[in-house]
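Here's the structure we're looking at; comments come further down.
Values below: every heavy atom of this structure, side chains too, minus hydrogens, waters and symmetry copies.
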Amino acid sequence: MSKWEQEFKMEQKRVHQVTSKIDKHIDQLEEQAGVVKSDMSHIRKNFWDDVRINFDNPDEAAETYASIIQQAKLLSERERSHRHAEHQLDILKRLKQSPYFGRIDFLEDGEDEAECIYLGIGSFYDKENEEFLIYDWRAPISSLYYDYSLGRAEYNAPDSTITGTMELKRQFIIRDAKIKSMFDTGITIGDELLQEVLGNPSSSQMKSIVATIQKEQNQIIRNEKSRLLIVQGAAGSGKTSAALQRVAYLLYRYRDTLSADDIVLFSPNPLFNSYISTVLPELGEENMQQATFQEFLQSHLSESFDLEDPFTQMEHVLAAEGGADDDIRLKGIRYKAGLDFMEVIEQYLKYLGQKGLLFKNIKFRGEVIISQQQIANYFYKLDTSLPIPNRMKLVSERLLKELKNLAVKERSKPWVKEEIQFLDKEEYAHFYQLLRNKNQYTEDTFDDFEREEKLLSAYVVNEHFKKLRKQVKNLKFIDIQAIYRQLFSDPELAGTFVAKNKLPENWPEISRQTVSRLDNKILTYEDATPFLYLKERIEGFKTNTSVRHVFIDEAQDYSPFQFEFIKRLFPFSKMTVLGDMNQAIYAHAENTCLSMLSSLYGDEAADTIILKRSYRSTRPIVEFTRHLIEGGKDIIPFNRAGNKPVLNQAVNEEDLHLKLAGLIRDLKAQEQRTIAVICKTYKECQKAVKALQNEVPVRLIDKDTAAFETGILVIPSYLAKGVEFDAVIIYNASDEQYGKESERQLFYTACTRAMHELHLFFVGQPSRFISEVPENLYIQNKA
């Protein structure tokens with residue numbers, strides 16, 4: 001038996017020993033969890049039997065309250081114990097199948113013998129022998145596996161830096177407690193392991209692969225010092241995986257002070273949320289808060305407007321025919337995304353501090369009881385050195401006092417007496433209970449008709465004024481819509497408080513379009529953030545101080561204005577942004593978008609990590625796609641073999657659909673689990689589905705699709721961002737569809753979704769971007 005075979009046998013023996021101990025621990029935990037669950041059930045069932053209830057006097061009531069609190073704490077403690085046991089069981093069951101993926105032998109300076117360290121998705125401590133049989137991949141010592149080859153190495157322990165020599169680095173593929181592969185390597189992650197993992201078919205969820213974290217990804221994951229961490233990476237470079245593993249690391253590293261609720265991820269669309277939903281649970285952590293930026297806007301603005309989303313904006317831009325109005329809209333989108341427009345709003349706010357604020361009449365029963373002019377007078381009589389939100393609070397307090405006086409006057413109105421007569425029993429009982437609660441009820445209250453009528457009048461008017469008071473407290477008397485509209489209704493207004501070079505030359509036309517949409521209750525995506533920013537600056541910025549970390553994926557899709565807004569929204573949070581300017585597909589996108597981020601926090605507080613290697617696609621696909629964009633030569637393909645992309649010509653649409661259906665059937669026969677037919681727009685998707693649905697089982701993906709599933713998907717290009725598929729078919733890669741320079745990055749993004757197969761169809765002439773790819777890098781099938 002060779003030395004390697006002996007090593008293999010020894011390692012397999014250890015796997016059996018470790019999984020045997022895990023099995024034993026699982027049995028113990030399940031027994032403990034069963035006991036705790038039984039206790040919980042008993043406490044819930046007998047909760048009130050074990051509580052001494054007596055409210056006859058204050059002392060007895062206090063004892064009753066203490067008894068209830070004690071029982072509730074006991075139940076809460078049992079529930080916590082049960083959740084902890086269930087969490088441990090989940091990790092142990094995963095470890096039982098694949099206990100670890102790596103081993104390092106590290107000889108610490110000053111020690112005589114190297115320590116063997118095995119790494120897995122969680123720790124496993126053997127209490128009997130008082131040693132860690134498996135170290136969590138996030139433990140400080142585990143960073144050696146990701147950051148160093150054989151030789152001198154070091155890692156940061158909680159109190160110091162530990163130095164030494166790495167004598168062995170071994171990698172495993174273990175399935176069902178059996179070693180499938182084992183190899184020693186001098187580099188960080190062996191190609192064999194990556195080939196095995198990346199060559200597998202895709203699924204409906206992103207893979208959690210802590211075994212294949214690369215050194216540069218590990219720098220992202222374990223970065224603790226940066227206020228702002230910018231990750232720029234090529235398509236398929238593992239940006240999102242590293243970000244989610246970073247979340248898992250932070251939750252592990254600061255487990256006593258940080259929870260999943262303290263972390264927010266802004267994701268590109270609901271489909272993406274579904275796609276990544278299993279990653280953190282597989283790593284033994286809860287999912288953090290997730291939302292799209294659109295969902296955030298919707299929660300703050302949907303009551304007032306028909307709010308456009310970015311995908312509708314994208315459809316509009318892609319379908320634009322290049323007319324004068326389309327050109328103006330495009331220029332408006334770009335201008336409103338920038339910090340110049342934020343400066344316009346800041347100067348507008350200074351102007352509004354002196355004059356120009358617009359308010360709504362406060363009405364009651366169809367009549368104005370406090371006019372908008374009265375409110376304006378109240379506001380502008382206040383000290384102008386006070387910030388606008390402070391003055392608004394003072395105005396609100398004055399209005400509430402005025403409403404109180406008006407309510408007293410209202411009690412004697414005829415409508416009040418009339419309404420008293422029609423009070424039903426339920427309302428009367430509610431009124432009676434209110435009097436008791438306020439200690440205004442006495443035995444003779446309802447024997448005195450005049451006193452009863454007086455109290456009922458106050459009650460009726462108060463009920464009607466509740467809504468008004470709530471509106472005043474919520475500053476609903478401010479006419480934010482009219483204030484925002486005013487900025488555009490007179491195109492000359494902005495020129496009175498900002499320099500002309502801060503306004504685009506098409507400002508009058510942009511203003512005209514904006515006013516027209518606002519009058520139709522439409523708030524476009526480019527107006528949504530500026531509108532909300534103006535609203536917050538007038539009413540008082542509602543900052544979130546509890547969130548500790550903000551993650552932004554597909555950061556190239558955010559405008560400078562939106563980044564500044566998010567920074568103000570989370571003033572004390574660290575921010576991790578991930579993006580690829582080569583996938584900047586929105587009309588407002590700027591190549592400087594990510595680089596300008598550093599200025600928001602100060603260059604000294606920001607770190608940038610660039611990922612150049614692409615792992616998602618096979619080497620032939622990466623070599624094809626990197627020629628589609630400027631600077632693509634810097635993208636390094638991972639050396640995974642595969643078929644060259646195929647360019648298929650069709651005579652006409654009928655021929656296109658015939659060939660497309662045939663290809664899909666062939667790919668299905670090859671057991672490709674996810675096949676995406678990527679169209680430029682949603683409108684084109686509808687056309688493709690109509691043509692294909694009788695031939696193959698296709699599923700149409702739209703902006704509201706919330707669950708990612710395997711199968712044959714027809715999806716618009718802008719919704720495919722961040723997701724990957726076994727095979728990608730570009731529905732129409734003709735020059736007619738992808739001929740504008742502004743569509744280059746959209747085309748690149750669509751093509752880079754492919755893991756194993758890329759096929760492009762066209763009628764007429766292929767996209768001019770394909771002509772920039774050397775012909776030896778793809779196969780062409782002519783009609």
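Sorted by first and then second residue, the salt bridge (charged side-chain N to carboxylate O under 4.0 Å, His left out) pairs with a member in residues 743-752 read K680-E743, E741-R744, R744-E772; sequence neighbours excluded. Evaluation of the salt bridge (charged side-chain N to carboxylate O under 4.0 Å, His left out) test over residues 691-705, restricted to residues two or more places apart or in two chains, returns D309-K703, R665-E695, R699-E709. Within the structure, the salt bridge (charged side-chain N to carboxylate O under 4.0 Å, His left out) test picks out the following pairs touching residues 230-254 (sequence neighbours left out): E224-R253.
Using a 4.5 Å cut-off on side-chain heavy atoms (C-beta onward), F761 and L647 make no contact. F769 has its side chain out of reach of I629: every pair of non-hydrogen atoms, C-beta onward, lies at least 4.5 Å apart. Within the 4.5 Å cutoff, side-chain heavy atoms of N269 are placed close to those of F311. For the pair I121/R94, a side-chain contact is recorded, criterion being any heavy-atom separation below 4.5 Å from C-beta on. A heavy-atom distance below 4.5 Å is found between the side chains of F747 and I770. Two residues are said to be in side-chain contact when any heavy atoms from C-beta on lie closer than 4.5 Å; V577 and L597 meet this criterion. L532 has its side chain within reach of L297: a pair of non-hydrogen atoms, C-beta onward, lies under 4.5 Å apart. Counting only heavy atoms from C-beta outward, the side chains of L760 and V646 never approach each other to under 4.5 Å.
Atom CD of Q693 has more than 12 neighbouring heavy atoms from other residues, nucleotides or ligands inside a 6.0 Å radius. Within 6.0 Å of the CD atom in Q670, the count of heavy atoms belonging to other residues, nucleotides or ligands exceeds 12.
Ring-plane geometry between Y533 and F565 is classed as perpendicular, the angle between the planes exceeding 60 degrees on a 0 to 90 degree scale with a lower cut at 30. Using the six-membered ring where Trp is involved, F101 and Y146 have ring planes that are tilted, between 30° and 60° apart. Ring orientation note: the planes of F296 and F266 are nearly perpendicular, at an angle over 60° on the 30°/60° scale.
Across all their heavy atoms, I213 and Q245 have their closest contact at CG1-OE1, 3.7 Å.
Annotation: Y778 is not in aromatic contact with H627 [ring centroid separation under 6.0 Å not met]. Proximity of the aromatic rings of F305 and F531 is defined here by a centroid distance below 6.0 angstrom, and this criterion is met.
At least one donor-acceptor pair under 3.5 Å links the side chain of T625 to the backbone N or O of I621. In this structure, N223 contributes its side chain and S226 its backbone to a donor-acceptor pair below 3.5 Å. Using a distance-only test at 3.5 Å, with no hydrogens or angles considered, a donor-acceptor pair links the side chain of S617 to the main chain of A754. Looking at R753, its side chain does come within 3.5 Å of a backbone N or O of V723 through a donor-acceptor pair. A distance-only check finds a donor-acceptor pair linking the side chain of R222 to the backbone of R138 [under 3.5 Å]. No donor-acceptor pair under 3.5 Å is formed between the side chain of E554 and the backbone N or O of P268. When atom types are taken as modelled, the side chain of N520 and the backbone of R517 share no donor-acceptor pair closer than 3.5 angstrom. With hydrogens and angles ignored, the 3.5 Å screen pairs no side-chain donor or acceptor of D262 with any backbone N or O of V547.
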Let me see the working for I220 and L229 under side chain to side chain contact (heavy atoms under 4.5 Å, CB included), right down to the final yes or no. CA-CA 8 Å; I220 298 166; L229 179 61; 4.1 Å; yes
Given Y731 and K687, is the side chain to side chain contact (heavy atoms under 4.5 Å, CB included) satisfied, shown in steps? CA-CA 10 Å; Y731 174 75; K687 181 179 173 182; 4.1 Å; yes
C751 and L628: side chain to side chain contact (heavy atoms under 4.5 Å, CB included), yes or no, with the steps? CA-CA 9 Å; C751 291; L628 299 175; 4.2 Å; yes
Test side-chain hydrogen bond (donor to acceptor under 3.5 Å, both in side chains) on E526 and Y335; report intermediate values, then the result. CA-CA 9 Å; E526 64 267 25; Y335 180 68; over 6 Å; no
Residues N273, S267; criterion side-chain hydrogen bond (donor to acceptor under 3.5 Å, both in side chains); working and verdict: CA-CA 7 Å; N273 287 344; S267 57; 2.4 Å; yes
Start with the C-alpha gap between L700 and Y682, add the side-chain angles, then the distance that decides, and say whether side chain to side chain contact (heavy atoms under 4.5 Å, CB included) holds. CA-CA 9 Å; L700 177 62; Y682 182 69; 3.4 Å; yes
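Listed by chain and number, the residues in a side chain to side chain contact (heavy atoms under 4.5 Å, CB included) with I91 are H87, L95 (sequence neighbours excluded). For K659, the salt bridge (charged side-chain N to carboxylate O under 4.0 Å, His left out) partners two or more places apart in sequence, or in a different chain, are D655. For E684, there are no salt bridge (charged side-chain N to carboxylate O under 4.0 Å, His left out) partners at least two apart in sequence or on another chain.
Ion pair D306/K521 not flagged as a salt bridge, since none of the NZ, NE, NH1 or NH2 atoms sits closer than 4.0 Å to an Asp/Glu carboxylate oxygen. Note on E536 versus K542: salt bridge recorded, some NZ/NE/NH1/NH2 to OD/OE distance being below 4.0 Å. Comment: R626 does not engage D634 in a salt bridge, judged by the lack of any side-chain N to carboxylate O separation of less than 4.0 angstrom.
Side-chain contact, E757 with H759: a donor N or O sits under 3.5 Å from an acceptor N or O. Checking Q313 against Y586 by side-chain atom types alone, no donor-acceptor pair falls below 3.5 Å. Side-chain contact check for R640 and H756: at least one donor-acceptor pair (N or O, by modelled atom type) lies under 3.5 Å. Using a 3.5 Å distance cut-off with no hydrogens or angles, the side chains of E564 and Q562 do not pair a donor with an acceptor. No hydrogens or angles considered: nothing links the side chains of K567 and S573 as a donor-acceptor pair under 3.5 Å. Using a 3.5 Å distance cut-off with no hydrogens or angles, the side chains of N732 and S734 do pair a donor with an acceptor.
Put simply, CD1 on I522 and CG on L518 are 9.5 Å apart, with the number rounded to the nearest 0.5 Å.
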